[in-house]
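Letters A, B, ... mirror the listed sequences (proteins, then strands); counts begin at 1. Both backbone and side-chain heavy atoms feed into the values below; hydrogens, waters and symmetry mates do not.
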Number of protein chains: 2
Amino acid sequence: MIRVLLAEDQAMVRGALSALLNMESDIEVLGSAADGEAAWRELQRLKPDLLVTDIEMPGLTGLELAQRIQRQELPIKVVIVTTFARPGFLRRALDAGVSGYLLKDAPAENLAEAMRTVHRGGRAIDPQLALEAWSEADPLNDRERQVLRLAGEGQSAGDIATQLSLSHGTVRNYLSEAIGKLGVTNRIEAYRLARQKGWL
Amino acid sequence: MIRVLLAEDQAMVRGALSALLNMESDIEVLGSAADGEAAWRELQRLKPDLLVTDIEMPGLTGLELAQRIQRQELPIKVVIVTTFARPGFLRRALDAGVSGYLLKDAPAENLAEAMRTVHRGGRAIDPQLALEAWSEADPLNDRERQVLRLAGEGQSAGDIATQLSLSHGTVRNYLSEAIGKLGVTNRIEAYRLARQKGWL
DNA sequence: GCATGCGAGTGACGCCTGTCACCCGCGATG
DNA sequence: CATCGCGGGTGACAGGCGTCACTCGCATGC
């Protein structure tokens with residue numbers, strides 16, 4: 001019997017996944033949580049074998065949850081189920097020691113199957129995503145990432161500068177570098193591309 | 001017996017919802033589709049009582065599906081189930097004659113209940129969203145919307161001008177108006193705000 | 001001890017943006 | 001008929017953006 005905790009912020013999807021998993025005779029859904037903090041509490045209370053979690057959740061993300069589990073060396077395997085086919089996310093997930101990474105685009109039957117594989121000690125990584133993950137490295141450094149994130153919210157170089165206690169010109173230099181590295185022509189495209197790749 | 005067709009692009013969510021609905025004794029899921037065109041074909045083949053559909057799908061969106069059903073006067077009620085709490089979407093949905101509009105944030109039990117209400121001839125609209133929908137009207141006209149969409153992809157005024165066969169300056173005028181109407185300070189914020197409100 | 005590299009900053013250049021006042025043609029409305 | 005209103009355009013201005021060359025200080029590494 002595989003004992004599972006489910007973390008997913010959209011209630012309807014959470015309920016539906018729960019119904020789906022409860023149809024499997026060898027899987028038992030112990031409970032579910034709507035955000036990262038709740039999941040962390042339930043994790044300690046219910047001590048499941050497996051955590052099935054989304055990435056984007058209020059409070060703590062699924063990736064952060066996985067990191068915590070890894071640091072505290074809890075005997076709980078993690079399977080990520082997410083919308084985002086972003087190579088950067090998968091890489092961070094693997095660094096956080098997760099055993100499974102599926103896309104919500106994959107057929108529903110895959111989920112139970114992946115959970116069994118993981119429970120047996122294996123790994124279940126979406127195949128075409130696994131390829132991409134190691135093909136392209138994130139070219140941005142911390143500053144560039146930071147600046148690009150703020151620029152993507154519509155802030156001007158000046159705004160960003162005050163916020164990061166940098167100079168106006170330096171911010172523009174960072175943005176220029178980021179734009180160059182990504183091979184695009186302006187901050188908007190740079191933001192979109194970086195976001196899509198999961199480099200945020 | 002309520003005979004249903006399910007349209008949702010994410011396979012895992014589609015499968016899970018299907019499992020959820022099949023647990024209800026008075027609901028029968030006739031089939032499901034992964035994109036708008038497939039849904040339209042299945043609709044004509046299976047002639048369900050009810051279409052449960054997402055909005056954002058490849059090809060035809062859920063809103064466009066609802067419009068088609070309305071125009072062809074098919075005897076099929078529509079329930080929208082979506083992530084997007086955007087007032088503009090709800091308004092367009094109601095214009096397209098849908099009977100239900102739920103958020104994926106709502107509890108899973110609501111779905112079956114809403115479907116029963118709609119099947120009985122009633123309406124099931126997410127309550128707090130219904131309020132917002134009539135509170136704020138979309139201030140943008142067609143040109144402004146068009147220009148803003150392209151600007152959001154990182155295109156410059158010049159690029160947009162050639163694409164729409166307008167002049168460089170006119171594009172900037174439209175953008176300026178849009179920025180003013182939305183009460184923000186640049187195209188990036190304007191794009192984000194308009195998108196978030198569902199005005200696209 | 002010197003070179004190398006890196007984070008941060010400066011200043012200047014040209015193009016792009018956002019704003020505004022104003023113009024033109026045309027269809028609707030009185 | 002006159003006159004609005006409206007879609008589209010022009011030209012100008014200030015300020016923002018993207019680029020580049022160069023500087024400075026400070027930590028590393030031989």
Candidates B/E37, B/M57, B/Q70 - the one meeting side-chain contact (heavy atoms from CB on, under 4.5 Å) with B/L65: B/M57

In terms of side-chain heavy atoms of [X], which of [options] is nearest?
X      : options                : value
A/S167 : C/dC20, C/dG9, D/dT19  : C/dG9
A/R172 : C/dC13, D/dG9, C/dG18  : C/dC13
A/R187 : D/dC17, C/dT10, D/dT10 : D/dC17
A/A157 : D/dC17, D/dG8, C/dT17  : D/dC17

Check the distance between [N]'s [atom2] and [X]'s [atom1] and give it to me in whole angstrom.
X      : N      : atom1 : atom2 : answer
B/E144 : C/dG18 : CD    : C1'   : 14 Å
B/I179 : C/dC20 : CD1   : C1'   : 14 Å
A/D159 : D/dG15 : CG    : P     : 16 Å
B/L166 : D/dT10 : CG    : C1'   : 14 Å
A/H168 : C/dA8  : NE2   : P     : 17 Å
B/L175 : D/dG8  : CG    : P     : 14 Å
B/Y174 : D/dG9  : OH    : C1'   : 9 Å
B/I160 : C/dT17 : CD1   : C1'   : 11 Å

Base of C/dT17, side chain of A/N186 - is there a donor-acceptor contact under 3.5 Å? no

Side chain B/N173 and base D/dT10 donor-acceptor under 3.5 Å: yes

Under 3.5 Å, is there a donor-acceptor pair between the B/E113 and B/N110 side chains? no

Can you find a side chain N or O atom of B/R143 that sits less than 4.0 Å from OP1 or OP2 on D/dG8? yes

